[in-house]
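Order of listing sets the numbers, starting from 1, for every ligand and every atom in it. The analysis underlying the following values was restricted to heavy atoms, covering all of them including side chains, and did not include hydrogens, waters or symmetry mates.
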Amino acid sequence: MKVGFYQFVPEFGNVEKNIQTMVNAVKAADADLIVFPELATSGYLFLEQKEVADTASAVPGPMSDDFSKVAVEKNTAVVVGFPEKADGVYYNSALIATPDGKVQVYRKNHLYNEEKLFFKPGNLGFPTFDVKGIKVGVLICFDHMFPESARTLALEGVQIVCHPANLVLPGFAQITSCSRALENGVFWILANRHGTENRKGRCLSYSGLSRIVDNRGKVLASAGADDTGFYGVEIDPAKALDKKVAPLADLFADRRPELYNEITK
Ligand code: ACM
């Protein structure tokens, strides 16, 4: 299976242009699964609720139709972060459009900082998705700082974690992408954005350095801090089903849930 990410600079508020950039990237890429950053249709640095409302999309809707169409045409699964409007409220969500024509969503469970002013926390738990017979999960940015998130997905049998992000904390996700992949024996695709958003005196810089990590924590592909483009590698997701790290040492069978406080049982 060929998996990849597309790192770029979404233009704040220009939903049409950002969608077109991503659809073109899918058309140009050769992959079974492509991950784009968090809030990639809208940009990140919202200053007021109206900006969220003006850039949000419902699923299904015209935005998800665009990604579904190209996912079917290219026989590729596509993961895209976007502001979602559902039942009169807003979520920081990611859609997954699969080659069978389905579009499903994950809603970010751990909102970061001022996101809490604009979005509701996710209400869908940690769903899993089928991509060509492979079990895939999605976490969005700050979710990576909560090991229970990746553990929950891994215990559900997820082989690949897709991680759309808009990283502002220096180097944290480059550490956790390796440690979460290693401790759970899963592949990890971190799709970050880069560039700076300057909005009415507020400024945020995003760190790039997207990467693909294998089930033993080894980096297979990585982008630079300011690179725009598609990066892909061939992986064997079946390796993520084997949790043994030595003949008598198994990441899952050796767990002692009866000893753990609060951690997923
Ligand atoms: C983040 O969760 N976007 C830092």
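- Under the side-chain contact (heavy atoms from CB on, under 4.5 Å) criterion, K69 pairs with E73, sequence neighbours left out.
- Both Y112 and F118 are part of a single hydrophobic cluster, where members link through side-chain heavy atoms under 4.5 Å apart.
- The aromatic rings of H163 and W188 sit perpendicular, their planes meeting at an angle over 60°, well past the 30° parallel limit.
- Using a cut-off of 4.0 Å between Lys/Arg side-chain N and Asp/Glu carboxylate O, R151 and E183 are scored as not salt-bridged.
- Counting heavy-atom neighbours within 6.0 Å of K85 NZ, excluding the residue itself, gives a total of 12 or less.
- Between F8 and Y6, the ring center distance clears the sub-6.0 Å criterion.
- Residues of the protein with a heavy atom under 4.0 Å from ligand 1 are E38, Y44, K108, Y112, E115, C141, F142, N166, listed by chain and number.
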